[in-house]
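Inspection log for the structure reproduced underneath, given as structure tokens.
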Amino acid sequence: MGSSGIVFYNTRRKKKEPFRPIEPRRVRLYSCGPTVYGPVHIGNLRSWLFSDLLKRFLISEGFSVTQVINITDVGHLVSDGDEGEDKMELAARRSGESAEEIAARYTELWRQDRAALGCLEPEHNPRASEHIAEQIELGQKLEAGGYLYRIEDGIYFDVSLFPRYTELAGLDLEGQRDVQRIDAVKGKRHPADFAIWKFAEPGVKRLQEWDSPWGRGFPGWHLECSAMAVKYLGEKIDIHTGGIDLASVHHTNEVAQSECGFGVHPWVRHWMHNEFLDFGGEKMSKSKGNVRTLSDLTGRGYDPMAFRYFFLQAHYRQQQNFNAEAMDAADTGYRRLVAVAAELRGVEGPGSEAVQAPFKQRFRAALADDLNAPRAMAVVWDVARSDTLSPADRRDLLLAFDEVLGLDLAHAKPPAQEYESDPRIDGLVAERQAARAGKDFATADRIRDELDAEGIGIVDTPEGPRWRRK
RNA sequence: GGCGGCGUAGCCAAGUGGUAAGGCACGGGCCUGCAAAGCCCUGAUCACCGGUUCGAAUCCGGUCGCCGCCUCCA
């Protein structure tokens with residue numbers, strides 16, 4: 001079976017297609033990674049959550065998945081087509097750190113975010129700065145193929161030599177001319193031509209620059225993905241993921257470089273792009289006090305996994321609205337699901353495969369249809385709240401589903417186990433209990449109200465009263 | 001100017017021809033000394049107009065609104 005019935009939307013063809021990997025049981029997956037001269041925000045994180053869901057699903061289908069996620073730690077420019085200030089240089093100048101220090105710091109933050117969100121480790125997590133030689137090598141292949149030309153500030157790829165240039169994103173190069181930058185790099189034959197190698201400006205010492213056959217400088221910023229993909233996955237890959245914004249320029253250029261450089265087509269079988277998070281027109285910024293990063297979220301008391309749950313509630317190819325109410329809803333939903341799962345952990349005995357099969361089928365079918373997570377989540381709740389399934393079956397199903405969902409249902413602590421302990425408050429709670437036992441409800445309620453005013457909620461359980469901060 | 005997406009109950013959202021999944025909130029109920037927590041129940045004809053069809057949220061045309069990309073960007 002394996003690939004049978006799996007369909008994924010392919011950006012290149014603008015429709016769903018049966019998933020067919022190059023090798024029957026193996027998937028070569030490349031996911032565009034973070035730029036590490038600044039923190040990533042929750043919109044960015046949607047991209048890794050998406051590729052992680054994809055990877056988990058493929059694994060659950062029996063595929064051996066090799067995933068590469070690159071770390072872009074080499075100069076992207078601040079603005080403008082092929083000029084402007086280098087973001088890494090800018091960040092370094094602002095903080096007084098070296099490029100390496102900045103890259104290391106933000107790479108670590110990114111990894112922590114991913115870990116908190118339950119994302120599986122990629123098999124390879126290469127850094128662009130450590131693959132300069134590979135990038136130069138690809139540049140040389142392109143040069144040998146006659147695809148490049150040299151102008152004052154660098155070596156450029158001539159897109160007119162690649163007939164399929166507009167294919168991936170359905171571009172209309174002529175139609176775009178009206179908007180092409182008036183301050184584009186002088187000498188470029190076409191506005192869409194892009195840099196393979198940029199020369200270091202004479203007399204300007206950059207933090208990041210290397211020698212190359214074309215002179216000292218640094219690689220064009222699309223080159224790294226092609227160079228690292230071929231190194232770790234080979235000349236053809238099965239799935240390439242990234243945010244939808246990358247399709248029209250970054251990925252389009254990657255295709256041009258790779259197909260011309262490696263002499264392959266299609267370089268990527270399935271292009272999968274996730275849509276953006278929509279913040280309702282409200283720009284997310286710290287100055288506005290809006291939630292922007294995962295740590296902003298956790299700082300407000302949200303479980304990082306609640307954001308993963310939030311992500312799973314919408315299809316990856318739809319813009320998803322993010323706002324406080326929606327995040328609260330996800331947080332509550334996640335906590336309740338965890339509570340159910342935790343209660344089922346204690347259940348003994350085997351479940352019935354025959355009983356579980358239809359549910360697994362529905363769950364699997366939802367994801368096999370272009371990764372329809374919302375539909376899969378509906379099955380999850382059917383199981384979680386079923387009054388016909390046995391506890392053992394519900395336990396088995398939820399754990400099986402979670403292999404794909406990644407919500408940590410096997411271990412996450414339910415709210416009921418998060419109660420705290422503090423001498424003073426424990427004392428007050430005990431005092432209230434004593435009052436209740438003596439039918440002195442006025443005193444009991446007064447104590448409860450006082451604690452409530454402190455943001456402390458009392459929960460009476462069969463095992464006695466517990467409390468937690470709200 | 002070019003390309004693309006979206007508009008389904010208060011909120012997040014599935015659903016692409018046959019009479020609207022799921023989650024959250026609200027309201028009601030159970031439980032509780034009263035609450036909280038938990039559990040149960042409850043709500044929409046699908047932006048608007050016109051068309052195709054036995055039948056449309058789902059296809060076609062138009063209108064209004066929102067968003068993204070074309071420039072580093074998930």
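In what follows, chains carry the letters A, B, and so on, assigned in the order in which the sequence lines appear, proteins first and then strands, with residues in each chain numbered from 1.
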Would you mind classifying the nucleic acid contact of A:Leu337 as base, sugar-phosphate or nothing, using non-hydrogen atoms under 4.0 angstrom?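 Nothing, no heavy atom under 4.0 Å.
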Between A:His273 and A:His251, does the ring centroid distance fall short of 6.0 Å?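 Ring centres of A:His251 and A:His273 closer than 6.0 Å.
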Can you figure out which of B:C24, B:A14, B:G33 approaches the side chain of A:Ala329 most closely?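 Looking only at heavy atoms from C-beta outward on A:Ala329, the closest nucleotide is B:C24.
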If you check the A:Arg336 side chain, which of B:G23, B:A25, B:G33 turns out closest?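 Side chain of A:Arg336 sits closest to B:A25.
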If you compare every side-chain N and O of A:Asn44 against the phosphate oxygens of B:C73 (OP1, OP2), does one of them come in below 4.0 Å?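 Answer is no, no contact under 4.0 Å.
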Please determine whether a side-chain nitrogen or oxygen atom of A:Arg335 lies at a distance below 4.0 Å from atom OP1 or OP2 of B:G38.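 So the side-chain polar atoms of A:Arg335 never come under 4.0 Å of the phosphate oxygens OP1 or OP2 of B:G38.
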Tell me which one of A:Phe194, A:Trp197, A:Phe157 satisfies ring-ring contact (aromatic ring centres under 6.0 Å, His included) with A:His222.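 Looking at A:Phe194, A:Trp197, A:Phe157, the match for A:His222 under the ring-ring contact (aromatic ring centres under 6.0 Å, His included) is A:Phe194.
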Listed in order of residue number, which residues of residues 102-110 of chain A have a non-hydrogen atom at under 4.0 Å from RNA chain B?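 Per residue number, the list is empty: none.
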Using atom [atom1] of each nucleotide, how far apart are [N] and [M] to the nearest Å?
| N | M | atom1 | answer |
| --- | --- | --- | --- |
| B:C39 | B:A44 | C1' | 25 Å |
| B:U52 | B:A56 | C1' | 10 Å |
| B:A57 | B:A9 | C1' | 13 Å |

If you assign each of A:Asp328 and A:Cys32 to its closest nucleotide in RNA chain B, which residue comes earlier from the 5' end?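 It is A:Asp328, whose closest nucleotide lies nearer the 5' terminus.
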Identified side chain to side chain donor-acceptor pair (under 3.5 Å) counterpart of A:Asp158 within the set A:Arg189, A:Lys188, A:His190: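 By the side chain to side chain donor-acceptor pair (under 3.5 Å) criterion, A:Asp158 pairs with just one of A:Arg189, A:Lys188, A:His190: A:Arg189.
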Before you tell me yes or no, could you show the steps for A:Arg114 and A:Trp110 under side chain to side chain contact (heavy atoms under 4.5 Å, CB included), namely the whole-Å CA-CA distance, both residues' side-chain angles and the distance that decides it to 0.1 Å? CA-CA 6 Å; A:Arg114 278 176 48 85; A:Trp110 173 77; 3.1 Å; yes
Stacking between A:Phe441 and the base of B:G33 (centre distance under 5.5 Å, interplanar angle under 30°)?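 Answer is yes, a stack.
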On a heavy-atom basis, which atom in A:Asn70 and which in A:Cys32 lie closest, and how many Å separate them?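 So the minimum-distance heavy-atom pair works out to OD1-CA, 3.4 Å.
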Starting at atom CD of A:Glu343, determine the distance to atom C1' of B:A37, rounded to an integer number of angstrom.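 Taking atom C1' of B:A37 as the reference, CD of A:Glu343 is at 12 Å.
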Using atom CG of A:Asn372 as one end and atom P of B:G22 as the other, report the distance to the nearest whole Å.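 A:Asn372 atom CG is separated from B:G22 atom P by 14 Å.
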